[in-house]
Amino acid sequence: LDMAPGASEHARLFDTVEDEALEQCRTYIRRQQSGGALPAKLPCLEGQCEALGTVLNRVLDYGENQSVLLMGPRGAGKTSVLRYALENLVPRNAFRTVSLHGLMQTDDTLAVKEIATQLGYVEEFERAKPGNFMEAIQFVMAKLRRTGYSDGQETGAVSAGDDERPVLLMMDEFDHFARTKQTLLYTIFDAMTSNEVHMAVVGVTARIDALEMLEKRVQSRFSQRQIFCSPPSSEEQMMEIIKMSMRLPDDFPFPDFRDE
């Protein structure tokens with residue numbers, strides 16, 4: 001039988017659309033399984049996500065300063081919990097975010113410069129030419145002060161370009177920052193005990209004894225709040241995680257393909 005006019009073209013178009021859908025499906029699942037995209041929920045870690053979201057929202061809603069440690073073995077989902085809380089449980093762009101990594105910023109001086117860079121003050125920092133670490137940390141702490149504060153005193157002065165959002169300092173491999181002299185940690189946590197700064201610090205570590213690694217002067221200024229993340233403990237939990245990592249989002253552009 002002869003094919004209806006245009007049928008061959010329609011078949012080719014269908015194959016093209018199906019191929020495109022399949023390729024987009026593969027791309028999304030690869031991104032999700034490699035950590036590039038988060039699933040709609042994190043099985044077995046819902047409580048940890050809610051706990052972290054509560055901490056961050058207290059900073060936003062009540063003007064508090066908060067610090068917390070996300071702890072657990074590697075691969076337990078600590079970074080995913082942090083990303084999920086930021087993407088789903090707090091208003092978007094509510095924080096000025098700074099990310100440090102203990103294996104990259106291997107001493108306090110490098111960490112201070114990275115904070116200045118991510119906050120957008122790197123040119124000003126370089127012009128200031130701090131001669132030593134204490135001058136560098138004083139420069140950064142001045143930039144971290146709440147709007148209307150100067151040298152620990154409330155002035156009420158607000159400049160037109162001031163960014164009044166709180167700072168979220170994320171410190172991956174937190175235990176490595178505890179292996180230095182801890183001057184950076186002490187300075188930040190000490191400022192957080194007053195209204196001088198408005199910020200949250202989230203440390204991420206695989207060391208269960210990370211808190212004990214802190215000097216007494218630092219530990220006394222830390223909130224002592226810890227959130228533990230554990231890997232799946234049963235085959236059922238593992239299967240739930242695998243299924244969630246392969247689930248396509250509701251806004252996938254090929255709904256029929258997604259539902260199949």
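Numbers here simply count residues along the sequence, with the first being 1. Here the structure is a predicted model, which means the values were calculated and not measured.
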Counting only heavy atoms from other residues, nucleotides and ligands, does the tally under 6.0 Å from CG of N93 exceed 12? no
Any donor-acceptor pair under 3.5 Å from N57 side chain to L89 backbone: yes
Could you note down all residue pairs passing ring pair (Phe, Tyr, Trp, His ring centres under 6.0 Å) where residues 197-225 supplies at least one of them, sequence neighbours left out? F189-F222
So, are R74 and E173 salt-bridged, with charged N and O less than 4.0 Å apart? yes
Residue pairs meeting salt bridge (Lys or Arg N to Asp or Glu O under 4.0 Å), one or both in residues 88-98, sequence neighbours left out, come to none
From L69 CG over to S223 OG, what is the distance, rounded to the nearest 0.5 angstrom? 7.5 Å
Quick one: pull up CG in D107 and CZ in F177 and give me the separation to the nearest 0.5 Å. 10.0 Å
Quick one: CG on D163 to CG on L119, what's the gap to the nearest 0.5 Å? 9.0 Å
Could you give the distance from CZ (F133) to OG1 (T180), rounded to the nearest 0.5 Å? 8.0 Å
Heavy-atom pair of closest approach, residues A116 and V140: CB-CG2, 4.2 Å
Just checking, any donor-acceptor pair under 3.5 angstrom between side chains of E215 and Q219? no
How many angstroms lie between CZ in F228 and CD1 in I208, if you round to the nearest 0.5 Å? 4.5 Å
For F95, does the six-membered ring have the charged nitrogen or CZ of R165 within the cation-pi criterion, i.e. under 6.0 angstrom from the centroid and within 45° of the normal? no
Euclidean distance, H101 NE2 relative to L110 CG, rounded to 0.5 Å: 14.0 Å
Would you mind telling me which of M192, R58, M199 makes a side-chain contact (heavy atoms from CB on, under 4.5 Å) with Q66? R58
Answer yes or no: is there a side-chain heavy-atom contact under 4.5 Å between L42 and E46? no
Can you confirm whether more than 12 heavy atoms, excluding those of E87, are under 6.0 Å from its CD atom? yes
If the threshold is 4.0 Å, N to carboxylate O, is there a salt bridge linking E124 and K143? yes
